[in-house]
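To start, the structure under review is shown below, and the notes come after it.
These numbers come from the heavy atoms of this one structure, side chains and all, not from hydrogens, waters or symmetry mates. Proteins come first, then strands; the chains are lettered A, B, ... in the order of their sequence lines, and each starts at number 1.
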Amino acid sequence: MVTEAETRPRLGTASALGALALGCSIALMALSGWLIARAAQQPPVLYLMMAVTGVRTFGLGRSAFRYAERLVSHNAVLRALGALRTSVYVRLERLAPAALAFRSGDLLSRLVADVDAMQDHYLRYRLPLRSGLAVGVLTTLALGWALPSAGLLLALGLLLAGVAVPALAVAVSRGAERRQAPTRGRLTTEVVDLLSGTAELTVAGALPERLARIRATDAELRRLAARSAATAGLGSGLVTLLTGLTVTGCAALGITAVGDHSVHGVMLAVLALTPLAAFEAVAGLPMAAQIRERSLRAAQRVAEVTEAPEPVREPARPQPLPADPFPVQLRDLSAVWPGREEAALAGVGLEFTPGRRIAVVGASGSGKTTLAMLMLRFLEPRAGRITLGGVDATALDGDRVRQVIGLCAQDAHVFDSSLRENLRLARPDCAEQELWAALAAARLDDWARGLPEGLDTMVGEHGARISGGQRQRLALARALLADFPLLILDEPAEHLDLATADALTADLLAATRGRATLLITHRLAGLEAVDEIVVLDAGRIVQRGHWSELALVDGPLRRMRERERAADALTV
Amino acid sequence: MKKPVDPRLLRHAGATRVFLAASVLLGLAGALVVAQAVLVATLVVGGFQRHDQLRQLLPQLGLLALVSAGRALVAWLTELAAHRAAAAVKSQLRAALLERATGLGPGWLSDQRRGELATLATRGVDALDDYFSRYLPQLALAVVVPVVLLAVVLRADWLSALIIAATLPLIPLFMVLIGLATQQRMDRQWRSLARLSHHFLDVVEGLPTLKVFGRAKAQARTVREVTDDYRAGTMRTLRIAFVSSYTLELLSTLSVALVAVSIGLRLVDGGLSLYLGLLVLVLAPEVYTPLRQVGTHYHASVEGLSAAAEIFEVLETPLPAAGTRPVPAEAAITVSGLRVSHPAGPPALEELTLTLRPGRVTALTGPSGAGKSTLLSVLLGFTRPDSGAVAVGGVPLAELDQAGWHRQIAWLPQQPVLFAGSVADNVRLARPDADDTAVREALRSAEALGFVQSLPDGIDTRIGEGGRGLSGGQRQRVALARVFLADRPLVLLDEPTANLDGASEAAVVRAVGRLAAGRTVVLTAHRPALLALADEVYRIPLPGPVPQPVPDAAGPVGLLPPAAGGR
């Protein structure tokens with residue numbers, strides 16, 4: 001794991017501190033027993049001073065070491081968690097968008113709950129294991145020095161409680177533990193689904209059924225939790241039993257040893273009381289074993305996200321971006337989506353020179369968006385290549401390619417922040433008037449000026465507080481602000497009323513004059529202005545050329561145009 | 001500081017009262033520790049001072065083993081009771097929270113953050129575990145156990161009892177002092193955890209957009225900063241929690257040391273027997289332990305208490321007054337002088353007046369932002385108008401039985417939500433009992449059957465939250481199939497042909513034409529092809545000084561002719 005190296009020294013310190021705290025606790029008990037027994041022999045007080053001081057020291061030491069151990073261990077674990085979250089994000093960043101088949105509710109559950117479960121892995125599995133082991137061995141040796149048979153008995157008791165009981169606990173609850181995390185994930189997905197689809201579920205009358213389904217998942221989770229609680233109970237019960245039996249056994253051995261004078265009577269209290277405290281070292285281990293199972297599964301699920309194959313191979317040593325990225329050439333491009341068999345795109349070739357504007361038209365599913373994905377290096381082509389100024393795009397850093405080729409998508413994400421922050425995403429350093437110029441180009445400036453809080457208006461989650469058209473225009477303004485040399489517009493006028501859409505298309509074509517543009521659309525209005533029209537069908541180019549040529553001949557474009565005309569005719 | 005016991009939580013604990021009581025009883029059975037102490041003391045005294053042989057002490061050894069078995073049983077049952085005490089309350093609260101959140105409706109929900117509520121309903125509720133299973137039983141034990149043990153110590157040695165009685169109150173005193181400081185931090189901590197997950201979700205969902213603008217890598221730093229802030233905050237909270245348990249432990253250690261010193265001195269001068277000395281020494285820490293544990297469990301359950309406060313905030317939000325009047329059949333819907341404004345924004349609708357006649361297709365057009373979707377939301381009862389009225393057959397909408405009103409309506413929102421599950425499950429939303437044939441028929445009517453059948457498992461293909469794996473147009477048509485299958489008299493369609501290309505649009509327009517037969521349809525549209533289906537067209541202007549209702553079958557001059565149907 002990424003975080004291992006930076007966590008190990010801190011965890012080592014924490015284990016040592018934990019062992020010291022435990023050791024103090026046991027020494028305190030043993031010494032107190034001795035002290036009282038010795039005191040009962042009524043020696044001069046001076047003989048007892050050492051032991052009295054020792055009792056105080058161990059008492060204070062126990063608290064101090066425990067305090068230090070907790071601080072050090074929590075700090076180490078939280079630090080490791082921050083690093084883990086970041087490394088998970090960094091990984092997701094490489095996978096998005098093509099390889100992220102995980103649902104967002106599930107992602108949320110995974111990254112918050114699973115990462116927390118990994119925190120337990122360190123705090124509640126590794127730490128108790130290490131300090132328990134160290135203290136258990138030392139106590140056994142010490143007691144064995146006083147009375148070998150008692151030492152052996154204690155060793156046996158500790159082994160049973162620290163190894164056999166945890167193993168039993170794991171065996172009993174393994175299935176339940178394994179199923180807990182996925183069930184929890186399902187619950188989260190169902191809750192997120194419920195909350196994001198409340199409106200539709202209400203109208204459809206499906207709300208009660210959905211709530212019942214969540215209750216059922218909840219009940220299943222409860223059954224699994226009951227199973228692990230029963231196991232935890234079994235573990236703590238068995239450890240308590242073993243503690244009592246060991247104390248009884250050691251007392252019996254001690255009494256015998258005192259009887260035949262192989263041990264001094266003062267030691268009897270030590271022999272009986274030490275095991276009582278020593279089991280503190282293993283009391284947490286059955287739980288720790290269960291935690292281990294749970295956290296390993298969580299780690300597996302985190303790994304499932306992070307170890308998915310990357311959809312795009314970034315070059316190990318990327319070439320610098322050529323000074324002039326043009327011409328941008330696409331040759332014989334073919335692509336297949338991960339997990340699919342049929343080609344989404346086959347043998348497509350295009351060429352962009354500065355200022356050249358190409359429109360790609362075709363039915364939904366014809367491969368238009370796949371083309372955009374390839375050009376943005378979100379997807380690796382199956383065959384063919386894209387070159388920028390003669391350099392193969394696969395030899396360039398993906399982020400460099402995206403400095404040249406940008407996108408305004410129909411489903412562009414609007415962040416839960418202010419209008420200004422959403423715009424500044426494109427260019428963090430841009431001036432106020434540039435923001436307004438971009439808004440004006442997207443015809444959003446009048447609206448924005450009318451807002452009581454202007455550019456500081458919060459747009460809500462997924463831009464829920466602004467209308468669909470405004471969201472789209474905001475995305476457009478953002479793309480224009482970024483000033484990409486080659487801009488891909490993926491259905492920019494979608495969600496807009498016809499008049500505004502056509503006006504926007506006209507504005508767009510004006511705004512992109514002199515800028516290389518790929519316009520993805522299904523509406524033909526205004527396409528006279530572009531340099532080339534490419535008609536896609538099932539991933540293949542079925543027709544290409546300038547409007548003036550294509551409109552004349554019988555073919556796919558003409559048929560599309562006639563259909564659109566028939567529809568538009570209704571308006572006249 | 002949060003009250004140590006939230007009465008609202010106790011009310012919800014009805015289902016588990018038995019188990020809470022059982023937890024307390026089992027805690028009392030912890031008195032077996034007294035028996036253990038007595039037996040150990042007897043054994044030591046017997047072996048050391050009286051030089052008893054093993055067989056003379058066998059009864060005591062047997063009893064000690066028996067007491068151990070008893071303690072083991074108690075430990076096992078304690079875990080079971082603890083789980084049962086928390087489990088039912090958690091499920092109850094989770095169900096109540098979600099029911100109330102959804103009952104308050106999308107209007108209320110859109111202002112709340114989805115991620116925050118989801119976290120509250122999952123992790124927030126789980127955080128109550130410690131509260132119910134550990135803290136509450138311990139609270140009862142903390143009152144009973146010290147009193148009982150103190151009585152035992154008093155009988156054994158009054159001086160030790162006096163020392164313990166004098167030092168014992170220091171523990172709750174310090175607990176209160178420290179608790180005051182912790183609570184506020186915990187509240188803040190809980191909120192920052194909710195923000196953390198919301199922020200993470202927003203960033204992950206926006207990853208493609210971030211990548212386009214070259215900001216994705218920089219966000220890694222933000223994620224790290226946000227989690228680092230969380231760590232710093234958590235450490236501050238934990239430090240207080242640890243200092244408090246350190247203080248409490250130190251207090252009890254010092255108190256026990258006082259007892260031990262006084263015992264030791266009196267043992268030396270023969271004022272106390274070894275048996276009583278041992279007994280008191282083993283019991284003394286046990287007097288402090290339950291009180292200290294209250295402190296520990298309180299810290300563990302504060303997160304739960306903070307979450308509970310947020311849960312109750314939702315649960316105590318009153319539901320909007322529900323209407324009860326039956327829904328008139330075949331009635332016209334009249335909208336008069338309707339005015340709606342966003343909470344923190346410009347007006348969404350101003351002075352709108354129109355009539356929706358039964359069996360007719362009414363189209364709403366107008367520039368984006370004019371409030372077409374807002375009007376649909378008002379018709380659905382999700383948005384309350386600031387002024388003006390909506391009436392169905394003369395009955396104000398607010399007085400209608402909501403569920404009954406919704407049973408009349410099939411609605412296609414602008415951005416339909418597809419739920420985790422199969423395509424068929426999604427289509428069956430309003431009619432869960434519909435068979436596969438009906439689902440196929442609905443998909444066919446929505447012109448979606450073709451692509452659905454080409455999916456790997458046909459109509460049983462699983463699609464995810466947000467419908468990943470389907471294109472915008474495909475999502476739209478699956479959602480339209482829902483409307484067909486729902487088969488309800490009033491149909492509200494918000495941009496049904498958005499996201500569609502020419503060929504699909506024509507298909508959907510045909511479908512809507514079929515849908516309109518015998519139904520009242522209200523649709524918002526930008527596309528002329530759809531408007532051609534409309535019997536009446538209203539153009540809603542941008543909210544501004546001049547309202548322009550055009551309630552005329554002929555539609556605004558030059559924009560639209562009246563049309564009988566789309567076929």
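- Within the 4.5 angstrom heavy-atom criterion, atoms from both the backbone and the side chain of A:Ala232 approach chain B.
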### Query
Passes side-chain contact (heavy atoms from CB on, under 4.5 Å), B:Phe48 versus A:Val258? Steps please.
CA-CA 7 Å; B:Phe48 168 47; A:Val258 170; 5.8 Å; no
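- The contact between A:Arg70 and chain B is made by backbone and side chain atoms together, counting heavy-atom distances below 4.5 Å.
- Taking the centre and axis of the six-membered ring of B:Phe213, the NZ or CZ atom of A:Arg427 falls outside the cone set by 45° and 6.0 Å.
- With chain B as the partner, the residue from A:Leu376, A:Leu194, A:Val239, A:Leu238 showing the most heavy-atom pairs under 4.5 Å is A:Leu194.
- Here the closest heavy-atom approach between residue A:Pro43 and residue B:Val268 is recorded as O-CG1, 3.3 Å.
- Residue A:Val361: no heavy atom, backbone or side chain, is found under 4.5 Å from chain B.
- Counting only heavy atoms from C-beta outward, the side chains of A:Leu201 and B:Phe419 approach each other to under 4.5 Å.
- Contact of B:Leu254 with chain A is made through the side chain alone, with heavy-atom distances under 4.5 Å.
- Neither the backbone nor the side chain of A:Ala219 comes within contact range of chain B; no heavy atoms are under 4.5 Å apart.
- Side chains of A:Ile214 and B:Leu98 form a contact here, defined as non-hydrogen atoms less than 4.5 Å apart.
- Using modelled atom types, no side-chain atom of A:Asp399 and backbone atom of B:Gly214 make a donor-acceptor pair closer than 3.5 Å.
- No side-chain heavy atom of A:Arg56 sits under 4.5 Å from any side-chain heavy atom of B:Thr253.
- Interface remark: B:Ala69 contributes backbone and side-chain atoms alike to the contact with chain A (heavy atom separation under 4.5 Å).
- Between chain A and the options B:Phe382, B:Trp411, B:Tyr246, the largest number of non-hydrogen pairs under 4.5 Å is found for B:Tyr246.
- B:Thr209 places a side-chain N or O within donor-acceptor distance of the main-chain N or O of A:His413, the cut-off being under 3.5 Å.
- For B:Ala260, no part sits under 4.5 Å from any heavy atom of chain A, backbone or side chain.
- Using a 4.5 Å cut-off between heavy atoms, B:Pro413 contacts chain A through its side chain alone, with no backbone atom that close.
- For the residue pair B:Ser91/A:Arg215, the side-chain donor-acceptor check at 3.5 Å is not satisfied.
- Among all heavy-atom pairs drawn from B:Gly277 and A:Ile36, the shortest one is O-CD1, 4.1 Å.
- The number of heavy-atom neighbours closer than 6.0 Å to CZ of B:Arg84, taken from other residues, nucleotides and ligands shown, is 12 or below.
- For chain A, the nearby parts of B:Ile409 are the backbone and the side chain; heavy atoms of each come within less than 4.5 Å.
- How far CG of A:Asp416 is from CG of B:Asp202: 5.5 Å, rounded to the nearest 0.5 Å.
- By number of non-hydrogen pairs under 4.5 angstrom with chain A, the leading residue of B:Glu99, B:Gln49, B:His51 is B:Glu99.
- Counting heavy-atom pairs under 4.5 Å between each of A:Gly59, A:Ala251, A:Ala226 and chain B puts A:Ala226 at the top.
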### Task
Test side-chain contact (heavy atoms from CB on, under 4.5 Å) on B:Leu250 and A:Leu60 and set out the steps.
CA-CA 7 Å; B:Leu250 208 59; A:Leu60 295 177; 3.5 Å; yes
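- Considering only heavy-atom pairs separated by less than 4.5 Å from chain B, the leading option among A:Ser63, A:Gly237, A:Ala475, A:Gly244 is A:Ser63.
- B:Leu210 places a side-chain heavy atom less than 4.5 Å from the side chain of A:Phe415.
- At a 4.5 Å heavy-atom cutoff, the contact between B:Arg482 and chain A is made by side-chain atoms alone.
- Proximity to chain A (any heavy atom under 4.5 Å) is shown, for B:Val67, by neither the backbone nor the side chain.
- If you measure heavy-atom distances from B:Gln36 to chain A, the contacts under 4.5 Å come from the side chain alone.
- In this structure, chain A has heavy atoms under 4.5 Å from both the backbone and the side chain of B:Pro416.
- Of the two parts of A:Leu28, neither the backbone nor the side chain holds a non-hydrogen atom closer than 4.5 Å to a non-hydrogen atom of chain B.
- Put simply, of B:Arg94, B:Gln53, B:Lys90, the one with the most heavy-atom pairs under 4.5 Å next to chain A is B:Arg94.
- Considering only heavy atoms from C-beta on, B:Arg239 comes within 4.5 Å of A:Leu71 through its side chain.
- Using a 4.5 Å cut-off between heavy atoms, B:Gln60 makes no contact with chain A at all.
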### Query
Run the side-chain contact (heavy atoms from CB on, under 4.5 Å) check on A:Arg184 and B:Thr122 step by step: do they pass?
CA-CA 8 Å; A:Arg184 202 174 289 278; B:Thr122 50; over 6 Å; no
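- The shortest distance between side-chain heavy atoms of B:Asp52 and A:Ile255 does not fall below 4.5 Å.
- If you measure heavy-atom distances from A:Leu276 to chain B, the contacts under 4.5 Å come from the side chain alone.
- For B:Val243, the parts lying under 4.5 angstrom from a heavy atom of chain A are both the backbone and the side chain.
- Annotation: maximal heavy-atom pairing with chain A below 4.5 Å, among B:His83, B:Lys217, B:Glu79, occurs at B:His83.
- Under a 3.5 Å cut-off, the side chain of A:Glu200 and the backbone N or O of B:Val417 do form a donor-acceptor pair.
- Across A:Ser228, A:Ala40, A:Gly33, the residue that shares the most heavy-atom pairs under 4.5 angstrom with chain B is A:Ala40.
- Heavy atoms only, all atoms of each residue included: A:Leu195 and B:Ala101 are closest at CD2-CB, 4.4 Å.
- Contacts between A:Leu242 and chain B at a heavy-atom distance below 4.5 Å are absent for every atom of the residue.
- The shortest heavy-atom contact between B:Ala65 and A:Thr248 is N-OG1, 3.8 Å.
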### Task
Show your working on side-chain contact (heavy atoms from CB on, under 4.5 Å) between B:Asp269 and A:Gln42 and close with a plain yes or no.
CA-CA 6 Å; B:Asp269 63 22; A:Gln42 306 187 349; over 6 Å; no
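- Residues A:Thr189 and B:Ala420 approach most closely at CG2-CB, 4.0 Å, considering heavy atoms.
- Heavy atoms of A:Leu211 lying under 4.5 Å from chain B belong exclusively to its side chain.
- At a 4.5 Å heavy-atom cutoff, the contact between B:Val212 and chain A is made by backbone and side-chain atoms alike.
- Contacts between B:Ala403 and chain A at a heavy-atom distance below 4.5 Å are absent for every atom of the residue.
- Both the backbone and the side chain of B:Ser68 come within contact range of chain A, judged by heavy atoms closer than 4.5 Å.
- Nearest approach of B:Leu429 to A:Arg210, heavy atoms of both residues: CD1-NH2, 4.2 Å.
- B:Gln219 is listed as a side-chain neighbour of A:Tyr89, based on a closest heavy-atom distance under 4.5 Å.
- For the set A:Thr198, A:Val203, A:Leu268, A:Leu524, the entry with the most heavy-atom pairs within less than 4.5 Å of chain B is A:Val203.
- Considering only heavy-atom pairs separated by less than 4.5 Å from chain B, the leading option among A:Gln403, A:Glu93, A:Arg402, A:Glu209 is A:Glu93.
- With a 4.5 angstrom heavy-atom cutoff, A:Leu207 touches chain B only via side-chain atoms.
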